[in-house]
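Written below as C-alpha coordinates is the structure these notes are about.
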Number of protein chains: 2
Amino acid sequence: MDAIPANASKVVQTATARVHDVVKQRILNGHYQADEYLRETSVANELNVSRTPVREALRELVSEGWLEAIPHRGSRVVAWTAKDAREVFELRLVLEPLAVRLASTQISKPCFTYLETLATQMESLTEEVNTNAESRNGIASLNHEFHRTLILASNNQRLANLLENVVRTSVIHRNFGNYDLANLRRSMRHHREILEAIAAGSPEWAENVMRAHLLAAQALHVPHTNTPSG
Amino acid sequence: MDAIPANASKVVQTATARVHDVVKQRILNGHYQADEYLRETSVANELNVSRTPVREALRELVSEGWLEAIPHRGSRVVAWTAKDAREVFELRLVLEPLAVRLASTQISKPCFTYLETLATQMESLTEEVNTNAESRNGIASLNHEFHRTLILASNNQRLANLLENVVRTSVIHRNFGNYDLANLRRSMRHHREILEAIAAGSPEWAENVMRAHLLAAQALHVPHTNTPSG
DNA sequence: TTAGTCTTTTTTGTATGCAATCTTCGTTGT
DNA sequence: ACAACGAAGATTGCATACAAAAAAGACTAA
(Lines give C-alpha, C1' and ligand atoms only; values in the text may rest on other atoms or scores of the structure.)
Protein backbone atom coordinates (compact mmCIF):
# COMPACT_ATOMS: atom_id res chain seq x y z
CA MET A 1 0.00 0.00 0.00
CA ASP A 2 2.22 2.72 1.37
CA ALA A 3 4.71 2.48 -1.45
CA ILE A 4 6.65 5.70 -1.16
CA PRO A 5 9.15 6.39 -3.93
CA ALA A 6 12.66 6.74 -2.55
CA ASN A 7 12.92 10.40 -3.56
CA ALA A 8 9.34 11.52 -2.97
CA SER A 9 10.31 14.38 -0.71
CA LYS A 10 12.66 15.83 -3.29
CA VAL A 11 10.69 17.11 -6.25
CA VAL A 12 13.87 17.96 -8.13
CA GLN A 13 15.50 14.99 -9.73
CA THR A 14 18.96 14.92 -11.16
CA ALA A 15 19.45 15.22 -14.90
CA THR A 16 20.56 11.60 -14.99
CA ALA A 17 17.28 10.46 -13.44
CA ARG A 18 15.27 12.53 -15.92
CA VAL A 19 17.16 11.11 -18.88
CA HIS A 20 16.70 7.62 -17.46
CA ASP A 21 12.93 8.04 -17.24
CA VAL A 22 12.51 9.70 -20.63
CA VAL A 23 14.57 7.12 -22.50
CA LYS A 24 12.79 4.24 -20.75
CA GLN A 25 9.46 5.76 -21.72
CA ARG A 26 10.58 6.15 -25.32
CA ILE A 27 11.61 2.51 -25.44
CA LEU A 28 8.22 1.49 -24.06
CA ASN A 29 6.17 3.58 -26.49
CA GLY A 30 8.25 2.56 -29.48
CA HIS A 31 9.95 5.90 -30.12
CA TYR A 32 13.20 3.99 -29.98
CA GLN A 33 12.87 0.69 -31.80
CA ALA A 34 14.51 -2.69 -31.40
CA ASP A 35 18.20 -2.90 -32.37
CA GLU A 36 18.34 0.88 -32.75
CA TYR A 37 21.57 2.42 -31.48
CA LEU A 38 21.16 5.34 -29.09
CA ARG A 39 23.81 7.93 -29.88
CA GLU A 40 24.89 9.78 -26.78
CA THR A 41 25.17 13.16 -28.50
CA SER A 42 21.75 12.78 -30.15
CA VAL A 43 19.99 11.99 -26.89
CA ALA A 44 21.92 14.75 -25.14
CA ASN A 45 20.85 17.33 -27.72
CA GLU A 46 17.23 16.19 -27.69
CA LEU A 47 17.01 16.54 -23.92
CA ASN A 48 19.22 19.63 -23.64
CA VAL A 49 21.82 18.13 -21.34
CA SER A 50 25.44 17.18 -21.83
CA ARG A 51 26.64 13.69 -22.66
CA THR A 52 27.63 12.96 -19.06
CA PRO A 53 24.16 12.40 -17.56
CA VAL A 54 23.13 10.60 -20.75
CA ARG A 55 26.00 8.14 -20.41
CA GLU A 56 25.10 7.48 -16.79
CA ALA A 57 21.43 6.94 -17.58
CA LEU A 58 22.21 4.60 -20.45
CA ARG A 59 24.49 2.58 -18.23
CA GLU A 60 21.66 2.14 -15.73
CA LEU A 61 19.28 1.07 -18.47
CA VAL A 62 21.83 -1.49 -19.61
CA SER A 63 21.99 -2.94 -16.09
CA GLU A 64 18.19 -3.10 -16.03
CA GLY A 65 18.09 -4.97 -19.31
CA TRP A 66 16.48 -2.35 -21.54
CA LEU A 67 19.62 -1.73 -23.56
CA GLU A 68 22.69 -3.73 -24.39
CA ALA A 69 26.12 -2.10 -24.52
CA ILE A 70 28.99 -3.07 -26.76
CA PRO A 71 32.31 -1.49 -25.70
CA HIS A 72 33.36 1.31 -28.02
CA ARG A 73 30.27 0.79 -30.16
CA GLY A 74 27.40 2.10 -28.10
CA SER A 75 24.11 1.00 -26.59
CA ARG A 76 21.14 -0.31 -28.50
CA VAL A 77 17.60 -1.32 -27.65
CA VAL A 78 17.39 -5.05 -27.03
CA ALA A 79 15.35 -6.98 -29.55
CA TRP A 80 12.47 -9.05 -28.21
CA THR A 81 12.48 -12.63 -29.42
CA ALA A 82 10.26 -15.65 -28.79
CA LYS A 83 12.99 -16.97 -26.48
CA ASP A 84 12.79 -13.80 -24.40
CA ALA A 85 9.03 -14.23 -24.07
CA ARG A 86 9.50 -17.81 -22.95
CA GLU A 87 12.18 -16.88 -20.44
CA VAL A 88 10.07 -14.13 -18.90
CA PHE A 89 7.03 -16.35 -18.68
CA GLU A 90 8.96 -19.15 -16.99
CA LEU A 91 10.13 -16.66 -14.40
CA ARG A 92 6.74 -15.02 -13.85
CA LEU A 93 5.20 -18.44 -13.35
CA VAL A 94 7.28 -19.07 -10.25
CA LEU A 95 7.81 -15.52 -8.99
CA GLU A 96 4.27 -14.20 -9.03
CA PRO A 97 2.73 -17.21 -7.27
CA LEU A 98 5.50 -16.87 -4.68
CA ALA A 99 4.56 -13.22 -4.22
CA VAL A 100 0.91 -14.11 -3.70
CA ARG A 101 1.76 -16.84 -1.23
CA LEU A 102 3.93 -14.51 0.81
CA ALA A 103 1.40 -11.71 0.61
CA SER A 104 -1.35 -14.01 1.87
CA THR A 105 0.17 -14.33 5.29
CA GLN A 106 1.10 -10.71 5.92
CA ILE A 107 -1.10 -8.43 3.86
CA SER A 108 -2.56 -5.44 5.72
CA LYS A 109 -6.26 -4.73 5.98
CA PRO A 110 -6.21 -1.44 3.97
CA CYS A 111 -4.09 -3.06 1.28
CA PHE A 112 -6.58 -5.91 0.97
CA THR A 113 -9.46 -3.45 0.77
CA TYR A 114 -7.65 -1.57 -1.99
CA LEU A 115 -7.27 -4.80 -3.97
CA GLU A 116 -10.99 -5.44 -3.62
CA THR A 117 -11.70 -1.96 -4.97
CA LEU A 118 -9.48 -2.61 -7.97
CA ALA A 119 -11.17 -5.95 -8.62
CA THR A 120 -14.61 -4.34 -8.46
CA GLN A 121 -13.62 -1.58 -10.87
CA MET A 122 -12.22 -4.10 -13.33
CA GLU A 123 -15.41 -6.16 -13.13
CA SER A 124 -17.48 -3.11 -13.98
CA LEU A 125 -15.31 -2.25 -16.96
CA THR A 126 -15.47 -5.84 -18.16
CA GLU A 127 -19.23 -5.65 -18.64
CA GLU A 128 -18.79 -2.47 -20.69
CA VAL A 129 -16.21 -3.98 -23.02
CA ASN A 130 -18.60 -4.14 -25.98
CA THR A 131 -19.98 -0.62 -25.54
CA ASN A 132 -17.02 1.36 -24.21
CA ALA A 133 -14.02 1.64 -26.51
CA GLU A 134 -11.69 2.68 -23.71
CA SER A 135 -12.73 -0.22 -21.50
CA ARG A 136 -9.81 -2.49 -22.39
CA ASN A 137 -7.22 0.18 -21.66
CA GLY A 138 -8.81 0.83 -18.30
CA ILE A 139 -8.77 -2.84 -17.43
CA ALA A 140 -5.14 -3.12 -18.49
CA SER A 141 -3.97 -0.35 -16.19
CA LEU A 142 -6.13 -1.52 -13.27
CA ASN A 143 -4.83 -5.04 -13.83
CA HIS A 144 -1.26 -3.84 -13.72
CA GLU A 145 -1.98 -1.97 -10.51
CA PHE A 146 -3.64 -5.06 -9.02
CA HIS A 147 -0.64 -7.27 -9.68
CA ARG A 148 1.81 -4.59 -8.56
CA THR A 149 -0.03 -4.06 -5.28
CA LEU A 150 -0.16 -7.77 -4.60
CA ILE A 151 3.58 -8.08 -5.25
CA LEU A 152 4.43 -5.20 -2.94
CA ALA A 153 2.38 -6.87 -0.21
CA SER A 154 4.77 -9.83 -0.33
CA ASN A 155 7.14 -7.85 1.88
CA ASN A 156 10.05 -9.01 -0.27
CA GLN A 157 11.66 -6.00 -1.87
CA ARG A 158 14.00 -8.02 -4.07
CA LEU A 159 11.11 -10.03 -5.42
CA ALA A 160 9.23 -6.83 -6.17
CA ASN A 161 12.23 -5.36 -7.99
CA LEU A 162 12.75 -8.51 -10.02
CA LEU A 163 9.14 -8.66 -11.11
CA GLU A 164 9.06 -4.96 -11.87
CA ASN A 165 11.97 -5.33 -14.28
CA VAL A 166 10.93 -8.67 -15.70
CA VAL A 167 7.29 -7.87 -16.30
CA ARG A 168 7.82 -4.31 -17.49
CA THR A 169 10.14 -5.47 -20.22
CA SER A 170 7.43 -7.75 -21.53
CA VAL A 171 4.53 -5.39 -21.02
CA ILE A 172 5.25 -3.70 -24.32
CA HIS A 173 3.71 -6.63 -26.10
CA ARG A 174 0.88 -7.36 -23.71
CA ASN A 175 -2.66 -6.04 -23.52
CA PHE A 176 -6.19 -7.36 -23.44
CA GLY A 177 -6.72 -7.15 -27.19
CA ASN A 178 -7.28 -10.84 -27.75
CA TYR A 179 -9.54 -11.37 -24.74
CA ASP A 180 -13.17 -11.97 -25.59
CA LEU A 181 -15.85 -11.42 -22.95
CA ALA A 182 -15.64 -14.99 -21.69
CA ASN A 183 -11.89 -14.80 -21.18
CA LEU A 184 -12.13 -11.40 -19.54
CA ARG A 185 -14.72 -12.73 -17.11
CA ARG A 186 -12.54 -15.69 -16.21
CA SER A 187 -9.63 -13.34 -15.63
CA MET A 188 -11.78 -11.20 -13.33
CA ARG A 189 -12.99 -14.32 -11.54
CA HIS A 190 -9.36 -15.26 -10.91
CA HIS A 191 -8.66 -11.91 -9.29
CA ARG A 192 -11.67 -12.31 -7.04
CA GLU A 193 -10.75 -15.89 -6.17
CA ILE A 194 -7.22 -14.87 -5.19
CA LEU A 195 -8.73 -12.42 -2.72
CA GLU A 196 -11.10 -15.09 -1.43
CA ALA A 197 -8.20 -17.46 -0.89
CA ILE A 198 -6.27 -14.81 1.01
CA ALA A 199 -9.31 -14.04 3.15
CA ALA A 200 -9.71 -17.75 3.83
CA GLY A 201 -6.11 -17.89 5.03
CA SER A 202 -4.97 -20.37 2.39
CA PRO A 203 -1.68 -19.35 0.75
CA GLU A 204 -1.60 -22.53 -1.33
CA TRP A 205 -5.04 -21.81 -2.77
CA ALA A 206 -4.08 -18.23 -3.64
CA GLU A 207 -0.80 -19.35 -5.13
CA ASN A 208 -2.43 -21.91 -7.38
CA VAL A 209 -5.14 -19.57 -8.61
CA MET A 210 -2.38 -17.16 -9.59
CA ARG A 211 -0.64 -19.91 -11.52
CA ALA A 212 -3.87 -20.76 -13.30
CA HIS A 213 -4.38 -17.05 -13.98
CA LEU A 214 -0.99 -16.73 -15.67
CA LEU A 215 -1.31 -19.98 -17.60
CA ALA A 216 -4.75 -18.99 -18.90
CA ALA A 217 -3.30 -15.70 -20.12
CA GLN A 218 -0.40 -17.51 -21.74
CA ALA A 219 -2.76 -19.89 -23.54
CA LEU A 220 -4.41 -16.94 -25.26
CA HIS A 221 -1.11 -15.60 -26.55
CA VAL A 222 0.22 -18.96 -27.66
CA PRO A 223 -2.84 -20.87 -28.87
CA HIS A 224 -2.25 -24.61 -28.80
CA THR A 225 -5.61 -25.95 -29.92
CA ASN A 226 -6.16 -29.40 -28.54
CA THR A 227 -9.90 -29.89 -28.53
CA PRO A 228 -10.66 -33.32 -27.17
CA SER A 229 -13.06 -35.15 -29.42
CA GLY A 230 -14.46 -38.64 -29.93
CA MET B 1 29.32 -25.57 -20.29
CA ASP B 2 30.75 -23.26 -22.90
CA ALA B 3 30.21 -20.15 -20.82
CA ILE B 4 32.27 -17.55 -22.61
CA PRO B 5 32.59 -14.20 -20.86
CA ALA B 6 31.10 -11.41 -22.96
CA ASN B 7 34.48 -9.73 -23.47
CA ALA B 8 36.74 -12.74 -23.68
CA SER B 9 38.18 -11.85 -27.06
CA LYS B 10 39.13 -8.36 -25.93
CA VAL B 11 41.89 -8.59 -23.37
CA VAL B 12 41.80 -4.84 -22.83
CA GLN B 13 38.86 -3.73 -20.79
CA THR B 14 37.75 -0.18 -20.29
CA ALA B 15 38.72 1.65 -17.13
CA THR B 16 35.10 1.56 -16.04
CA ALA B 17 35.02 -2.24 -16.27
CA ARG B 18 38.24 -2.52 -14.27
CA VAL B 19 36.94 -0.24 -11.53
CA HIS B 20 33.70 -2.21 -11.48
CA ASP B 21 35.50 -5.51 -10.93
CA VAL B 22 37.95 -4.19 -8.36
CA VAL B 23 35.31 -2.47 -6.25
CA LYS B 24 33.05 -5.53 -6.38
CA GLN B 25 35.95 -7.69 -5.26
CA ARG B 26 36.71 -5.31 -2.42
CA ILE B 27 33.13 -5.45 -1.24
CA LEU B 28 33.22 -9.25 -1.31
CA ASN B 29 36.48 -9.58 0.62
CA GLY B 30 35.46 -6.99 3.17
CA HIS B 31 37.93 -4.25 2.19
CA TYR B 32 34.89 -2.00 1.94
CA GLN B 33 32.54 -2.64 4.83
CA ALA B 34 28.81 -2.34 5.28
CA ASP B 35 27.40 1.19 5.38
CA GLU B 36 30.78 2.60 4.34
CA TYR B 37 30.57 5.49 1.87
CA LEU B 38 32.73 5.14 -1.24
CA ARG B 39 34.14 8.56 -2.08
CA GLU B 40 34.60 8.99 -5.80
CA THR B 41 37.89 10.85 -5.48
CA SER B 42 39.30 8.30 -3.04
CA VAL B 43 38.52 5.34 -5.30
CA ALA B 44 39.79 7.26 -8.30
CA ASN B 45 43.12 8.00 -6.63
CA GLU B 46 43.54 4.44 -5.39
CA LEU B 47 43.01 3.02 -8.87
CA ASN B 48 44.83 5.81 -10.75
CA VAL B 49 41.91 6.87 -12.91
CA SER B 50 39.76 9.96 -13.00
CA ARG B 51 36.38 10.27 -11.32
CA THR B 52 34.46 9.63 -14.54
CA PRO B 53 34.99 5.86 -14.86
CA VAL B 54 34.57 5.55 -11.09
CA ARG B 55 31.18 7.24 -11.23
CA GLU B 56 30.05 4.95 -14.03
CA ALA B 57 31.25 1.82 -12.25
CA LEU B 58 29.56 2.82 -9.00
CA ARG B 59 26.32 3.43 -10.85
CA GLU B 60 26.46 -0.08 -12.27
CA LEU B 61 27.13 -1.54 -8.85
CA VAL B 62 24.12 0.35 -7.52
CA SER B 63 21.92 -1.16 -10.22
CA GLU B 64 23.25 -4.59 -9.33
CA GLY B 65 22.42 -4.11 -5.68
CA TRP B 66 25.93 -3.96 -4.23
CA LEU B 67 25.72 -0.28 -3.35
CA GLU B 68 22.95 2.14 -2.63
CA ALA B 69 23.08 5.70 -3.91
CA ILE B 70 21.64 8.75 -2.23
CA PRO B 71 21.44 11.79 -4.53
CA HIS B 72 24.09 14.37 -3.72
CA ARG B 73 25.34 12.25 -0.86
CA GLY B 74 27.17 9.36 -2.46
CA SER B 75 27.12 5.58 -2.66
CA ARG B 76 27.60 3.24 0.23
CA VAL B 77 27.90 -0.51 0.67
CA VAL B 78 24.52 -2.02 1.48
CA ALA B 79 24.22 -3.52 4.92
CA TRP B 80 23.16 -7.16 5.10
CA THR B 81 20.26 -7.73 7.47
CA ALA B 82 18.28 -10.78 8.51
CA LYS B 83 15.48 -9.58 6.23
CA ASP B 84 17.88 -9.57 3.27
CA ALA B 85 18.89 -13.14 4.07
CA ARG B 86 15.23 -14.17 4.22
CA GLU B 87 14.40 -12.43 0.94
CA VAL B 88 17.28 -14.05 -0.90
CA PHE B 89 16.47 -17.47 0.45
CA GLU B 90 12.80 -17.18 -0.54
CA LEU B 91 13.91 -16.36 -4.06
CA ARG B 92 16.54 -19.06 -4.29
CA LEU B 93 14.01 -21.62 -3.13
CA VAL B 94 11.87 -21.08 -6.22
CA LEU B 95 14.50 -20.03 -8.76
CA GLU B 96 17.06 -22.76 -8.32
CA PRO B 97 14.56 -25.65 -8.44
CA LEU B 98 13.14 -24.03 -11.56
CA ALA B 99 16.61 -23.97 -13.07
CA VAL B 100 17.14 -27.63 -12.33
CA ARG B 101 13.76 -28.58 -13.75
CA LEU B 102 14.48 -26.71 -16.98
CA ALA B 103 18.00 -28.06 -17.19
CA SER B 104 16.72 -31.63 -16.80
CA THR B 105 14.99 -31.60 -20.16
CA GLN B 106 17.67 -29.96 -22.26
CA ILE B 107 21.07 -30.51 -20.68
CA SER B 108 23.81 -31.59 -23.08
CA LYS B 109 25.84 -34.76 -22.66
CA PRO B 110 29.23 -33.03 -22.07
CA CYS B 111 27.64 -30.66 -19.58
CA PHE B 112 26.15 -33.58 -17.66
CA THR B 113 29.52 -35.34 -17.67
CA TYR B 114 31.16 -32.19 -16.32
CA LEU B 115 28.65 -32.09 -13.45
CA GLU B 116 29.47 -35.71 -12.62
CA THR B 117 33.15 -34.81 -12.51
CA LEU B 118 32.45 -31.97 -10.11
CA ALA B 119 30.33 -34.20 -7.90
CA THR B 120 33.06 -36.84 -7.77
CA GLN B 121 35.72 -34.29 -6.85
CA MET B 122 33.55 -32.90 -4.08
CA GLU B 123 32.92 -36.38 -2.72
CA SER B 124 36.65 -37.01 -2.55
CA LEU B 125 37.32 -33.77 -0.71
CA THR B 126 34.50 -34.53 1.70
CA GLU B 127 36.26 -37.62 2.99
CA GLU B 128 39.42 -35.57 3.56
CA VAL B 129 37.67 -32.90 5.56
CA ASN B 130 39.18 -33.99 8.86
CA THR B 131 42.71 -34.35 7.54
CA ASN B 132 43.01 -31.64 4.90
CA ALA B 133 42.64 -28.06 6.12
CA GLU B 134 41.96 -26.70 2.65
CA SER B 135 39.24 -29.26 1.99
CA ARG B 136 36.30 -27.01 2.89
CA ASN B 137 37.48 -24.22 0.61
CA GLY B 138 37.82 -26.64 -2.25
CA ILE B 139 34.34 -28.00 -1.68
CA ALA B 140 32.93 -24.48 -1.54
CA SER B 141 34.35 -23.46 -4.90
CA LEU B 142 33.43 -26.77 -6.56
CA ASN B 143 29.94 -26.45 -5.10
CA HIS B 144 29.58 -22.96 -6.53
CA GLU B 145 30.71 -24.21 -9.91
CA PHE B 146 28.26 -27.13 -9.71
CA HIS B 147 25.28 -24.87 -9.06
CA ARG B 148 26.43 -22.32 -11.64
CA THR B 149 26.79 -24.98 -14.32
CA LEU B 150 23.39 -26.42 -13.55
CA ILE B 151 21.81 -22.97 -13.78
CA LEU B 152 23.43 -22.18 -17.11
CA ALA B 153 22.10 -25.49 -18.46
CA SER B 154 18.57 -24.19 -17.86
CA ASN B 155 18.85 -22.30 -21.13
CA ASN B 156 17.21 -19.28 -19.51
CA GLN B 157 19.66 -16.41 -19.54
CA ARG B 158 17.49 -14.13 -17.42
CA LEU B 159 17.17 -16.78 -14.76
CA ALA B 160 20.93 -17.23 -14.77
CA ASN B 161 21.51 -13.50 -14.40
CA LEU B 162 19.00 -13.22 -11.58
CA LEU B 163 20.57 -16.07 -9.64
CA GLU B 164 24.07 -14.76 -10.28
CA ASN B 165 23.16 -11.43 -8.71
CA VAL B 166 20.95 -12.80 -5.97
CA VAL B 167 23.24 -15.58 -4.80
CA ARG B 168 26.48 -13.65 -5.13
CA THR B 169 25.25 -10.95 -2.81
CA SER B 170 24.64 -13.58 -0.18
CA VAL B 171 27.76 -15.63 -0.80
CA ILE B 172 29.78 -13.31 1.41
CA HIS B 173 28.25 -14.94 4.43
CA ARG B 174 28.12 -18.52 3.20
CA ASN B 175 30.64 -21.31 3.44
CA PHE B 176 30.83 -24.85 4.70
CA GLY B 177 32.17 -23.90 8.12
CA ASN B 178 29.25 -25.26 10.11
CA TYR B 179 28.92 -28.50 8.14
CA ASP B 180 30.03 -31.59 10.02
CA LEU B 181 30.90 -34.74 8.12
CA ALA B 182 27.33 -36.06 8.23
CA ASN B 183 25.91 -32.87 6.78
CA LEU B 184 28.60 -32.67 4.13
CA ARG B 185 27.85 -36.25 3.09
CA ARG B 186 24.14 -35.50 2.81
CA SER B 187 24.92 -32.45 0.71
CA MET B 188 27.09 -34.55 -1.60
CA ARG B 189 24.38 -37.20 -1.78
CA HIS B 190 21.95 -34.49 -2.90
CA HIS B 191 24.23 -33.47 -5.75
CA ARG B 192 24.51 -37.05 -6.88
CA GLU B 193 20.76 -37.60 -6.59
CA ILE B 194 20.03 -34.53 -8.72
CA LEU B 195 22.18 -36.05 -11.45
CA GLU B 196 20.43 -39.40 -11.04
CA ALA B 197 17.04 -37.70 -11.39
CA ILE B 198 18.16 -35.90 -14.54
CA ALA B 199 19.51 -39.14 -16.00
CA ALA B 200 16.22 -40.83 -15.15
CA GLY B 201 14.37 -38.12 -17.08
CA SER B 202 12.39 -36.87 -14.09
CA PRO B 203 12.43 -33.06 -13.79
CA GLU B 204 10.10 -33.19 -10.78
CA TRP B 205 12.44 -35.50 -8.89
CA ALA B 206 15.45 -33.29 -9.67
CA GLU B 207 13.52 -30.18 -8.73
CA ASN B 208 12.48 -31.55 -5.37
CA VAL B 209 15.92 -32.82 -4.44
CA MET B 210 17.21 -29.33 -5.11
CA ARG B 211 14.55 -27.88 -2.81
CA ALA B 212 15.54 -30.37 -0.10
CA HIS B 213 19.18 -29.46 -0.72
CA LEU B 214 18.53 -25.76 -0.15
CA LEU B 215 16.28 -26.32 2.85
CA ALA B 216 18.83 -28.59 4.49
CA ALA B 217 21.47 -25.91 4.05
CA GLN B 218 19.13 -23.30 5.45
CA ALA B 219 18.40 -25.42 8.50
CA LEU B 220 22.09 -25.40 9.37
CA HIS B 221 22.31 -21.64 9.25
CA VAL B 222 19.10 -21.04 11.14
CA PRO B 223 18.94 -23.88 13.65
CA HIS B 224 15.40 -24.49 14.85
CA THR B 225 15.83 -27.45 17.15
CA ASN B 226 12.64 -29.42 17.31
CA THR B 227 13.64 -32.88 18.36
CA PRO B 228 10.53 -35.04 18.57
CA SER B 229 10.41 -36.93 21.84
CA GLY B 230 8.04 -39.07 23.87
C1' DT C 1 34.44 -5.78 -60.33
C1' DT C 2 36.44 -6.67 -55.98
C1' DA C 3 39.46 -7.13 -52.19
C1' DG C 4 42.50 -4.54 -49.48
C1' DT C 5 44.43 -0.47 -47.35
C1' DC C 6 44.80 4.13 -46.06
C1' DT C 7 42.37 8.37 -44.66
C1' DT C 8 38.54 10.78 -42.84
C1' DT C 9 34.70 11.00 -39.96
C1' DT C 10 31.94 9.53 -36.32
C1' DT C 11 31.38 7.80 -31.77
C1' DT C 12 32.71 6.28 -27.40
C1' DG C 13 36.09 6.63 -23.35
C1' DT C 14 38.56 9.53 -20.02
C1' DA C 15 40.24 13.72 -17.71
C1' DT C 16 39.41 18.07 -15.78
C1' DG C 17 37.07 22.30 -14.27
C1' DC C 18 33.29 24.47 -12.33
C1' DA C 19 28.55 24.68 -10.34
C1' DA C 20 25.20 22.89 -7.07
C1' DT C 21 24.40 20.71 -2.93
C1' DC C 22 25.22 18.84 1.36
C1' DT C 23 27.93 18.51 5.73
C1' DT C 24 30.50 20.40 9.37
C1' DC C 25 31.60 23.49 12.61
C1' DG C 26 31.97 27.89 14.58
C1' DT C 27 29.28 31.99 15.94
C1' DT C 28 25.63 34.50 17.79
C1' DG C 29 21.50 35.45 20.23
C1' DT C 30 18.31 34.03 23.70
C1' DA D 1 23.53 25.75 27.94
C1' DC D 2 21.37 25.42 23.64
C1' DA D 3 19.04 26.34 19.45
C1' DA D 4 19.33 28.93 15.15
C1' DC D 5 21.93 30.72 11.76
C1' DG D 6 25.78 31.13 8.59
C1' DA D 7 30.23 30.49 6.50
C1' DA D 8 33.78 27.23 5.03
C1' DG D 9 34.95 22.80 3.43
C1' DA D 10 33.89 18.53 1.26
C1' DT D 11 31.38 15.90 -2.15
C1' DT D 12 28.48 14.99 -5.86
C1' DG D 13 26.37 16.67 -10.46
C1' DC D 14 27.11 18.44 -14.92
C1' DA D 15 29.59 20.47 -18.93
C1' DT D 16 33.39 20.60 -21.87
C1' DA D 17 37.80 19.24 -24.07
C1' DC D 18 40.59 15.88 -25.69
C1' DA D 19 42.18 10.97 -26.58
C1' DA D 20 41.22 6.39 -28.33
C1' DA D 21 38.72 3.38 -30.95
C1' DA D 22 35.67 2.03 -34.48
C1' DA D 23 33.03 2.85 -38.74
C1' DA D 24 32.62 4.75 -43.26
C1' DG D 25 34.42 6.14 -47.37
C1' DA D 26 37.93 6.83 -50.96
C1' DC D 27 41.53 5.16 -53.42
C1' DT D 28 44.55 1.61 -55.36
C1' DA D 29 45.87 -2.82 -57.19
C1' DA D 30 44.82 -7.19 -58.82
Side-chain angles (χ1 to χ4, degrees), chain A residues 5-24 26-27 31-79, chain B residues 5-24 26-27 32-78:
Chain A
N7 42 14
S9 55
K10 290 285 179 184
V11 185
V12 288
Q13 19 176 26
T14 64
T16 301
R18 275 211 331 277
V19 175
H20 178 110
D21 293 348
V22 171
V23 172
K24 188 155 142 185
R26 288 187 174 183
I27 295 170
H31 186 286
Y32 298 136
Q33 300 200 345
D35 283 332
E36 180 180 345
Y37 272 90
L38 299 191
R39 297 301 166 195
E40 296 174 357
T41 46
S42 309
V43 178
N45 292 337
E46 291 171 26
L47 304 186
N48 283 314
V49 292
S50 80
R51 274 178 57 220
T52 308
V54 173
R55 283 178 62 81
E56 298 186 346
L58 294 188
R59 220 162 252 279
E60 288 178 344
L61 292 166
V62 168
S63 295
E64 293 167 16
W66 298 95
L67 303 174
E68 58 184 343
I70 297 136
H72 296 109
R73 290 208 38 185
S75 313
R76 67 178 171 192
V77 181
V78 296
Chain B
N7 43 14
S9 56
K10 291 285 180 184
V11 185
V12 287
Q13 22 177 22
T14 64
T16 301
R18 275 210 333 277
V19 174
H20 177 109
D21 294 347
V22 171
V23 172
K24 187 155 142 185
R26 288 188 174 181
I27 295 171
Y32 298 136
Q33 299 200 345
D35 282 331
E36 181 179 345
Y37 272 90
L38 299 191
R39 296 303 167 193
E40 296 174 357
T41 46
S42 309
V43 178
N45 292 337
E46 291 172 25
L47 305 185
N48 282 315
V49 292
S50 80
R51 275 179 57 219
T52 308
V54 172
R55 283 178 61 80
E56 299 188 345
L58 294 187
R59 222 162 249 279
E60 288 178 344
L61 291 166
V62 168
S63 294
E64 293 168 16
W66 297 95
L67 303 174
E68 60 185 342
I70 296 134
H72 297 110
R73 291 209 37 186
S75 313
R76 65 177 172 193
V77 181
V78 297

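In the text below, chain A, chain B and the rest are named by the order of the sequence lines, each starting its count at 1.
Contact annotation: the side chain of B/L47 never approaches that of B/R18 to less than 4.5 Å [non-hydrogen atoms, C-beta and beyond].
In this model, a donor atom of one side chain and an acceptor atom of the other lie less than 3.5 Å apart for B/R73 and B/Y37. B/E60 and A/S63 share no donor-acceptor pair across their side chains, judged by distance under 3.5 Å alone.
Side chain of B/P53, nearest nucleotide from D/dA15, C/dA15, C/dG13: C/dA15. Side-chain proximity of A/R51 to the nucleotides C/dT12, C/dT21, C/dG17 is greatest for C/dT12. Each of D/dT12, D/dA15, C/dG13 was ranked by its minimum atom distance to the side chain of B/T14; first place goes to C/dG13. Checking D/dT11, C/dT23, C/dT14 against the side-chain heavy atoms of B/T16 singles out C/dT14 as nearest. Of the listed nucleotides (C/dT23, C/dT14, D/dA15), C/dT23 has the atom at the smallest distance from the side chain of B/R73. The listed nucleotides are D/dA21, D/dT11, C/dT14; the one nearest the side chain of B/S50 is C/dT14. Nearest nucleotide to the B/H72 side chain, out of D/dC14, D/dG13, C/dG13: D/dG13.
Among the heavy atoms of the strands lying under 4.0 Å from A/R55 is at least one base atom, whether or not backbone atoms are also near. Residue contacts shown for A/L58 are absent, as no nucleic acid heavy atom lies under 4.0 Å away. When heavy atoms are screened at a 4.0 angstrom cut-off, A/I70 is found touching no nucleic acid atom at all.
Across the protein-nucleic acid pair, A/N48 atom CG and D/dC14 atom P stand 14 Å apart, rounded to whole Å. Separating the CZ atom of B/R39 from the P atom of C/dT23 is a distance of 10 Å, rounded to the nearest angstrom. Put simply, CZ on B/R18 is 14 Å from P on C/dG13, counting in whole angstrom units. One interatomic measurement links the two molecules: CG of A/N45 to P of C/dT11, which rounds to 11 Å at whole-angstrom precision. At whole-Å resolution of the value, CD in B/Q13 and P in D/dA20 are 18 Å apart. The interatomic distance linking B/E36 (CD) with D/dT11 (P) rounds to 13 Å, in whole Å. Spacing between atom CD of A/E40 and atom C1' of C/dT14 amounts to 12 Å, rounded to whole angstrom units. Between B/E56 atom CD and C/dA15 atom C1' the separation is 12 Å, expressed in whole Å.
Remark: A/E56 CD to A/T14 OG1 distance equals 8.0 Å, nearest 0.5 Å. To the nearest 0.5 Å, atom NZ of residue B/K24 and atom OH of residue B/Y32 are 15.0 Å apart.
Taking the charged nitrogens against the carboxylate oxygens, B/E46 and B/R26 do have a contact shorter than 4.0 Å, which makes a salt bridge. Salt bridge B/R76/B/E36: absent, no basic N to carboxylate O contact under 4.0 Å.
Counting only Watson-Crick or G-U wobble pairs whose defining distances are both under 3.5 Å, the stems of 3 or more consecutive pairs in DNA chain D are C:1-30 with D:1-30.
Between B/A15 and B/V49, the closest heavy-atom pair is CB-CG1, 4.2 Å.
The residue among A/G74 and A/T52 whose nearest nucleotide of DNA chain C is located toward the 5' end is A/G74.
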